[in-house]
Chemist: 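First the structure, then my questions, so here it is.
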Amino acid sequence: MSFTTIKSALTGKPGIGSEITVKGWVRTRRDSKAGFSFINVHDGSCFDAIQVVAPGELPNYADEVQKLTTGCAVECTGTLVESGGRGQKYEIQGTEVKVIGWVEDPETYPIQPKRHTFEFLREVAHLRPRTNTFGAITRVRHAAAQAIHRYFSERGYYWINTPIITSSDAEGAGDMFRVSTLDLANLPRNEKGDVDYSRDFFGKETFLTVSGQLNVEGYCLALSNVYTFGPTFRAENSNTSRHLAEFWMVEPEIAFADLEHLADVAEEFLKYIFAAVLEECPDDMAFFEQRIEPQAINRLRSFIEKDFVRLNYEEAIEILKQADVSFEYPAEWGLDLQTEHERYLTENHFNAPVVVMNYPTEIKAFYMRLSDDERTVAALDVLAPGIGEIIGGSQREERLDILERRMDELDLDKEHYQWYLDLRRYGTVPHAGFGLGFERLVNYITGMTNIRDVIPYPRVPGKADF
RNA sequence: UCCCCAGUAGCUCAGCUGGUUAGAGCGGGUGACUGUUAAUCACUAGGUCCGCGGUUCGAGUCCGUGCUGGGGAGCCA
C-alpha cells in the first residue's frame, strides 16, 4: 500500500535501483510502436512530473497503456533509474502500470498539454489545479500561509479565530452579506412594518465579517501580540482583478505599539514571507519567472533587500503635485490617493515599496488614532510596485473620550460598540495593527495578474460556481 | 456601478472594405516512425460563427438589443 511521492522519487532519495510505486495523473504520453511508451505522471508533490518508461511487454500495454490520455489516474511500479533522456535526472523503468481512473471522453477533457487562457480555466476551476500554473500557485499559496503563521508564532503572537458571523454593523470597511434563516418569501414584520429580526436565528441582524480587527483588539489587550488569519467577506459590487467577495485576510494587532513600530513589523513581515517562498518553492518560482512574469524572482529579491520608503501623506501629496505627469484625478491635501497616484509613487518616483503615513482624518475610519492637531490620524498604507495597496493599518484610538467623540461625529451607533469602548475603559493601552489581503500577496509573489486565479474557487459579483 | 474591448471546432486563434462549399495549430481517432520531452509525419472525424431582432438580392462580417467573458475606474485588502 505504501508508495513514493514524485517529489521524493525525483530527488533520487529511494536510491538508484530500488523498486518504487508512484500514483498520480498522466500529463502526457509519447509512445513508440517499436517497443515502449513514455508516460509523464504528476501528483502535485512538486512542480515536475516523473517519466515512467512503460515497456511493450506489459500485459496491458496494447489494451490500456497505449490508450492513456492526459488526466488519467495511474499507479506505476518499477525501478528508479538514471534517465537516459534529457530534462530529468531520474525516471522509472516500469514493471507495472495500473489504470486507476480513465478519462471518460479524452476529446472533451478540458485540460490539455498546451497553454490555456486563464479565463477558460476559471470555468473549470475544479480541474485547473492539474495544470502546471495552478499546481505552482497552490504550493506557493501554502508556503506563504505557513510562513505567515511561522512569522507570528516565532515572535510570540497568538492566532485568534475571530467570528465569521458578526452582529456589528458596518464600521466603514464595506457592504456586508446578510446572514439569516428567515423565510425570504414570508418575512416576519413588526408593528411598524419593518422586518422583525428578533425572530431571526440570532435574534438580531447578523452578517458575514468584513474584518476581524475589532474582535481581535479585545484579545490584543490581554495577550499583547495577536493576529487573525481567515476568510473575510465584502458585498461590494467590485469588478476588478484585485477584488474578491470572499478573500483571506491577515490582521496582526500589537499592544504597546505606535505607528512607527507597526511600519517596522509590516516591512519585516513581508520580507520574511517573500524570503520563505523563494527558499521553499524554487521550482515553482522558476516557472513563474519563465512563463508568467519575467521579474517574478528579481522583484522579490529586491523587495527583500531594499528599505521601504516611509513618508507622510502630506509629503506624498507634495511629490504628486510636482510630478511631471498629468493625473486624471487631482492630488490635493484632503483627497484620498488614487490608484494612479499610488502607482506613480511606488513605480516611478521611488521604484520601491512605499509606506504612506498619517492621512487626513476625514478620509479614514473612526478607530484610527487622532493626532494632536486633529488634522490627521495615525494610519498607514504599504504600496508595492505592481499591485498598489497591499497593507492598510493604523494605530488605534485608545482614548475613550476621543473615540466617543469621533463616533458621534461619524454618527455611529455607540450602543453597538459598547464592548469595543469597554476596551478603552478597562486598562486601555496604545496599540496598532494592519490588514493584509492574502490573495493580493499571492498575486504579487506569483506575478499572476488576476486575483481570481490565486484563490481556489473565486467568489465575485454574479459568480459563485463550484 | 461607470467607461472600453471581445464572443468562430473540445482548446488557442485566422477569416480584408458584406459575396459561392468558414480555415489553421493543438487536442481526439487511424496508421507510420522514433530514448521521447507540449516528439515528428500522413490521413481522418469534428461547426446552431453566443441568443434574439433588423438592414440587404445576400450577414461570421453592418446596426440594435440581451447574455457571457475580459481590461480599466470607483470602493478597498
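Below, chains carry the letters A, B, ... as their sequence lines are ordered, and counting in each starts from 1. Only heavy atoms go into these numbers, but all of them, side chains included; no hydrogens, no water, no symmetry mates.
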Chemist: Tell me whether the guanidinium CZ or amine NZ of A:R155 lies under 6.0 angstrom from the six-membered ring centre of A:Y272 and within 45° of its axis.
Modeler: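 Yes, cation above the ring, under 6.0 Å and within 45°.
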
Chemist: Could you give me the CA-CA distance, side-chain angles and deciding distance for A:R406 and A:E409, then say whether salt bridge (charged side-chain N to carboxylate O under 4.0 Å, His left out) is met?
Modeler: CA-CA 5 Å; A:R406 288 279 291 139; A:E409 283 167 10; 3.6 Å; yes

Chemist: Taking any strand in view, what nucleotide pairs with B:A32 in a Watson-Crick or G-U wobble way, both distances under 3.5 Å?
Modeler: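 WC or wobble partner is B:U40.
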
Chemist: Which part of the nucleic acid, if any, lies within reach of A:E328 when heavy atoms closer than 4.0 Å are counted: base, sugar-phosphate only, or nothing?
Modeler: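 A:E328: no heavy atom of the nucleic acid under 4.0 Å.
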
Chemist: Figure out the NZ/P separation between A:K114 and B:A9, and round it to whole Å.
Modeler: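 The distance from NZ of A:K114 to P of B:A9 comes to 12 Å, rounded to the nearest Å.
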
Chemist: Looking at A:R141 and A:E439, does any basic side-chain N land under 4.0 Å from a carboxylate oxygen?
Modeler: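 Between A:E439 and A:R141 there is a salt bridge, with a charged N closer than 4.0 Å to a carboxylate O.
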
Chemist: Can you tell me, in whole Å, how much space there is between the P of B:C16 and that of B:G74?
Modeler: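 So the two P atoms sit 37 Å from each other.
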
Chemist: Tell me what A:F120 touches on the nucleic acid: a base, only sugar-phosphate, or nothing, going by heavy atoms under 4.0 Å.
Modeler: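 The residue A:F120 makes sugar-phosphate contact but no base contact.
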
Chemist: Report the base-pairing partner of B:A6 (Watson-Crick or G-U wobble, both distances below 3.5 angstrom), or none.
Modeler: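 Across any shown strand, B:A6 pairs with B:U68.
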
Chemist: Separation of A:N237 atom CG from B:C75 atom C1', in whole Å?
Modeler: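 Those two atoms, CG and C1', are 10 Å apart.
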
Chemist: If we take the P atom in both B:G64 and B:A24, what is their distance in whole Å?
Modeler: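 Rounded to whole Å, the distance is 33 Å.
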
Chemist: Rounded to whole angstroms, how far apart are CZ on A:F38 and P on B:U37?
Modeler: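 Interatomic distance, CZ of A:F38 to P of B:U37: 9 Å.
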
Chemist: Scan A:I390 against the nucleic acid and name what it touches under 4.0 Å (heavy atoms): base, sugar-phosphate only, or nothing.
Modeler: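 Here A:I390 touches the backbone only, sparing every base.
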
Chemist: Considering only side-chain heavy atoms of A:T69, which listed nucleotide, B:C13, B:G29, B:G69, is closest?
Modeler: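 Given the options B:C13, B:G29, B:G69, the side chain of A:T69 is closest to B:G29.
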
Chemist: Just to verify, which of A:R396, A:E217, A:R369 counts as forming a side-chain hydrogen bond (donor to acceptor under 3.5 Å, both in side chains) with A:H431?
Modeler: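 Going through the options one by one, the only one that passes is A:E217.
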
Chemist: Rounded to whole angstrom units, what separation is found between the CD1 atom of A:I39 and the C1' atom of B:A39?
Modeler: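 Interatomic distance, CD1 of A:I39 to C1' of B:A39: 15 Å.
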
Chemist: Could you tell me whether the side chain of A:N40 has a donor or acceptor atom within less than 3.5 Å of a complementary atom in the base of B:U37?
Modeler: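 Side chain to base: no pair present.
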
Chemist: A:E91 near the nucleic acid: base, sugar-phosphate alone, or nothing, with a heavy-atom cut-off under 4.0 Å?
Modeler: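 Result for A:E91 = base.
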
Chemist: When the nearest nucleotide of RNA chain B is assigned to A:S83 and to A:D336 on a heavy-atom basis, which residue is associated with the more 5' position?
Modeler: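 Final value for this comparison: A:S83.
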
Chemist: Both A:T240 and A:Y109 contact RNA chain B. Taking the nearest nucleotide for each, which residue is further toward the 5' end?
Modeler: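 Going by which nucleotide is closer to the 5' end, it is A:Y109.
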
Chemist: Would you say the side chain of A:E107 and the base of B:G27 hold a donor-acceptor pair, judged only by whether the two atoms sit under 3.5 Å apart?
Modeler: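 Flag set: donor-acceptor pair detected.
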
Chemist: What integer number of Å spans the P atoms of B:U8 and B:C62?
Modeler: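 Approximately 15 Å lies between the P atom of B:U8 and that of B:C62.
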
Chemist: Quick one: label A:Q93 by what it contacts on the DNA or RNA (base, sugar-phosphate, nothing), any heavy atom closer than 4.0 Å.
Modeler: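 If one applies the 4.0 Å heavy-atom cut-off, A:Q93 turns out to touch a base.
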
Chemist: Quickly work out the A:I50 CD1 to B:U37 C1' distance and round it to whole Å.
Modeler: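 Spelled out: CD1 on A:I50 to C1' on B:U37 is 14 Å.
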
Chemist: How is A:Q112 classified with respect to the nucleic acid when contacts are heavy atoms under 4.0 Å: base, sugar-phosphate, or nothing?
Modeler: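 If one applies the 4.0 Å heavy-atom cut-off, A:Q112 turns out to touch a base.
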
Chemist: Which part of the nucleic acid, if any, lies within contact of A:Q88, taking any heavy atom under 4.0 Å across all strands shown: a base, the sugar-phosphate backbone alone, or nothing?
Modeler: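 Base: the residue A:Q88, judged by heavy atoms under 4.0 Å, touches a nucleobase.
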
Chemist: Has the side chain of A:S238 got a donor or acceptor that lies under 3.5 Å from a partner of the other kind on the base of B:C75?
Modeler: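 Yes, a donor-acceptor pair under 3.5 Å.
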
Chemist: Think A:R459 forms a cation-pi with A:F233, using NZ or CZ under 6.0 Å from the six-ring centre and within 45 degrees of its axis?
Modeler: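 Here A:R459 fails the 6.0 Å and 45° test against A:F233.
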
Chemist: Roughly how far apart, to the nearest Å, are B:U36 and B:U40 at atom P?
Modeler: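 Going atom to atom, P in each nucleotide, I get 13 Å.
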
Chemist: Taking the P atom in each of B:G23 and B:G47, what is the distance between them to the nearest angstrom?
Modeler: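 To the nearest whole Å, 14 Å.
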
Chemist: For the pair made of CD in A:E389 and P in B:C75, what is the distance, rounded to whole Å?
Modeler: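 For the pair A:E389 CD and B:C75 P, the rounded distance is 11 Å.
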
Chemist: Can you tell me the distance, in whole Å, between the CZ atom of A:R291 and the C1' atom of B:A38?
Modeler: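 Answer to the nearest Å: 8 Å.
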
Chemist: Using atom P in both nucleotides, what's the gap between B:U12 and B:C52 to the nearest angstrom?
Modeler: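 About 23 Å, rounded to a whole number of Å.
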
Chemist: Nearest-Å distance, CZ (A:R29) to C1' (B:U40)?
Modeler: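 From A:R29 CZ to B:U40 C1': 15 Å.
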
Chemist: Is a donor-acceptor pair below 3.5 Å formed from side chain A:H243 to base B:C76, judging by atom type as modelled?
Modeler: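 Indeed there is one.
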
Chemist: Which nucleotide, B:G69, B:U1, B:G70, lies nearest any side-chain atom of A:K463?
Modeler: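 Nearest to the side-chain atoms of A:K463, counting from C-beta on, is B:G69.
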
Chemist: Is the closest basic N to carboxylate O distance between A:D453 and A:R122 below 4.0 Å?
Modeler: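 A salt bridge links A:D453 with A:R122.
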
Chemist: Given the P atoms of B:U56 and B:C3, what is the spacing between them in whole Å?
Modeler: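 It works out to 31 Å between them.
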
Chemist: Please determine if a side-chain N or O atom of A:N450 lies less than 4.0 Å away from the OP1 or OP2 oxygen of B:G71.
Modeler: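 Answer yes for this pair, as a side-chain N or O of A:N450 is under 4.0 Å from OP1 or OP2.
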
Chemist: B:U40 phosphate, OP1 or OP2: any side-chain N/O from A:R30 under 4.0 angstrom?
Modeler: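 A:R30 to B:U40 OP1/OP2: no side-chain N or O under 4.0 Å.
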
Chemist: Nearest of B:C75, B:G10, B:G35 to any side-chain atom of A:T108?
Modeler: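 When the side chain of A:T108 is considered, B:G10 is the closest of B:C75, B:G10, B:G35.
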
Chemist: With a non-hydrogen cut-off below 4.0 angstrom, is A:R122 in contact with a base, only sugar-phosphate, or nothing?
Modeler: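 Sugar-phosphate: the residue A:R122, judged by heavy atoms under 4.0 Å, touches backbone atoms but no base.
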
Chemist: Would you call the rings of A:Y344 and A:F327 parallel, tilted or perpendicular, where under 30° means parallel and over 60° means perpendicular?
Modeler: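 Perpendicular: the ring planes of A:Y344 and A:F327 meet at over 60°.
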
Chemist: Just call it for A:K67: base, sugar-phosphate, or nothing, with non-hydrogen atoms closer than 4.0 Å on any strand.
Modeler: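 Result for A:K67 = nothing.
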
Chemist: Applying the Watson-Crick and G-U wobble criteria at under 3.5 Å, what pairs with B:U1? Answer none if nothing qualifies.
Modeler: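 Across all strands, the one nucleotide that pairs with B:U1 is B:A73.
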
Chemist: Please determine if A:R310 and A:D264 form a salt bridge, counting it only when a charged side-chain N lies under 4.0 Å from a carboxylate O.
Modeler: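 Salt bridge present between A:R310 and A:D264.
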
Chemist: Could you measure between the two P atoms, the one in B:G51 and the one in B:A42, and give it in whole Å?
Modeler: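 One P to the other, the span is 34 Å.
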
